[in-house]
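Before any comments, here is the structure.
Every chain is numbered from 1, with letters handed out A, B, ... down the list of sequences. Computed from heavy atoms alone, side chains included, the values below leave out hydrogens, waters and symmetry copies. These numbers come from a predicted model, not from an experiment.
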Number of protein chains: 2
Amino acid sequence: MPVANPHQHPPSAIEEALDVLRQHGHRITAPRRAILHALIGRGEPGTIEQLHQAVGTDGCDLVTVYRCMDAFEKLGLVRRSYYESGTCLYEYQPPGAKEHHHHIICRSCQRVETLDLCVVEGLEKLVRDRGYHKVSHLLEFFGTCPDCFAAEQERS
Amino acid sequence: MPVANPHQHPPSAIEEALDVLRQHGHRITAPRRAILHALIGRGEPGTIEQLHQAVGTDGCDLVTVYRCMDAFEKLGLVRRSYYESGTCLYEYQPPGAKEHHHHIICRSCQRVETLDLCVVEGLEKLVRDRGYHKVSHLLEFFGTCPDCFAAEQERS
DNA sequence: TTACGTGCAAACAATTTGCACAACA
DNA sequence: TGTTGTGCAAATTGTTTGCACGTAA
């Protein structure tokens with residue numbers, strides 16, 4: 001039995017997300033629809049730049065993508081992760097989703113794969129035991145993916 | 001028996017680091033001495049900016065700190081980690097040190113504490129099993145430290 | 001003496017902010 | 001119609017690069 005890709009979302013996901021916006025008194029605009037469409041349809045995490053491209057450079061301004069992602073993040077509709085370089089990666093998170101996962105990011109082709117588990121939850125308790133509050137963590141794996149590695153081998 | 005602070009280094013550490021530079025054909029300069037001094041004496045990870053301040057704004061140029069940290073990182077003398085914002089944090093790593101640790105970073109005061117263990121090593125095998133090469137990972141915890149939390153409580 | 005390192009200025013990239021205009025509710 | 005969202009331009013922040021000069025080996 002194949003494991004469901006956590007980056008795959010049903011067509012209803014967009015409406016679901018729009019509802020969350022409405023529930024919080026936010027307006028539904030063309031750019032927001034377009035960005036959500038790009039984000040949800042993408043099937044894997046993307047950078048602001050990639051989302052902007054997907055929406056179409058004339059679809060909306062780059063700044064609008066930044067502002068929307070900020071808003072979506074506050075509503076819990078997106079999760080943010082990071083490249084080794086520090087660049088942000090955004091991915092859609094269905095409303096109410098609690099479980100989270102981590103990524104394997106190829107340093108060569110920037111491909112993002114999903115590691116569908118998180119062993120770090122336990123460690124967070126350790127951190128809370130030290131007196132910290134609002135604890136969160138950031139865990140990403142980096143490596144050269146099989147394809148890029150093969151390509152490297154051929155070249156040499 | 002108290003656990004040694006992995007950010008505390010003996011006075012000989014600077015000479016040790018300078019030797020590594022020499023062994024790799026790098027020159028010993030006043031800025032490099034000063035930066036190593038700041039880095040090793042600091043006792044916890046710091047940003048480029050903080051190291052530059054420690055060296056003294058007129059001690060050397062900010063650019064030189066960037067370039068030295070790059071060089072030191074290539075020699076394995078420093079490890080890099082990241083704030084949630086993506087800003088880099090550097091810390092001295094004694095030559096030959098293999099074991100690595102992770103951090104708890106306070107979102108308010110930016111204090112960095114050490115979590116002297118790493119449970120993620122095992123997961124890296126999982127990533128390698130998927131065909132990835134040169135695998136590394138990034139794991140940081142963020143939270144509000146006890147002091148900052150208390151301060152927050154008082155204010156409200 | 002000669003390659004390597006540094007300072008300074010300028011380029012760059014990613015992100016944020018200010019402000020006037022546009023458009024959802 | 002009033003407020004929220006958007007576009008455009010410009011400011012910020014963190015980092016990198018080019019080039020002439022200085023200096024460790």
Please tell me whether Y90(A) and L75(A) are part of a single hydrophobic cluster in this structure, the criterion being side-chain heavy atoms less than 4.5 Å apart.
yes
Would you say the side-chain atoms of H137(A) and E124(A) include a donor-acceptor pair closer than 3.5 Å?
yes
Between NE2 of H52(A) and CD of E49(A), what distance do you get to the nearest 0.5 Å?
7.5 Å
Closest non-hydrogen atom pair, Y92(A) against A13(A):
OH-O, 3.6 Å
Nucleic acid contacts of residues 55-67 of chain B, taken as heavy-atom distances under 4.0 Å to DNA chain D
V63(B), Y66(B), R67(B)
What is the separation between atom CE on M69(B) and atom C1' on dG14(D), rounded to the nearest whole Å?
15 Å
To the nearest angstrom, the CD-C1' distance between Q50(A) and dA13(C) comes to 15 Å
Could you state the interatomic distance from CG (L89(B)) to OG1 (T47(B)), rounded to the nearest 0.5 Å?
7.0 Å
E91(A)-H103(A) side chain donor-acceptor pair, cut-off 3.5 Å
yes
Whole-Å distance separating the CG atom of L51(B) from the C1' atom of dG14(D)
15 Å
Rounded to whole Å, how long is the line connecting atom CD of E49(A) with atom P of dT16(C)?
14 Å
I28(B): what forms a side chain to side chain contact (heavy atoms under 4.5 Å, CB included) with it, not counting sequence neighbours?
L18(B), L21(B), R22(B), R33(B)
What's the shortest heavy-atom distance between C60(A) and V55(A), and which atoms?
N-CG1, 3.9 Å
Those residues of residues 16-42 of chain A lying under 4.0 Å from DNA chain D by at least one heavy atom
H26(A), R27(A), T29(A), P31(A), R32(A)
R80(A) atom CZ is separated from dT15(C) atom P, nearest whole Å, by 8 Å
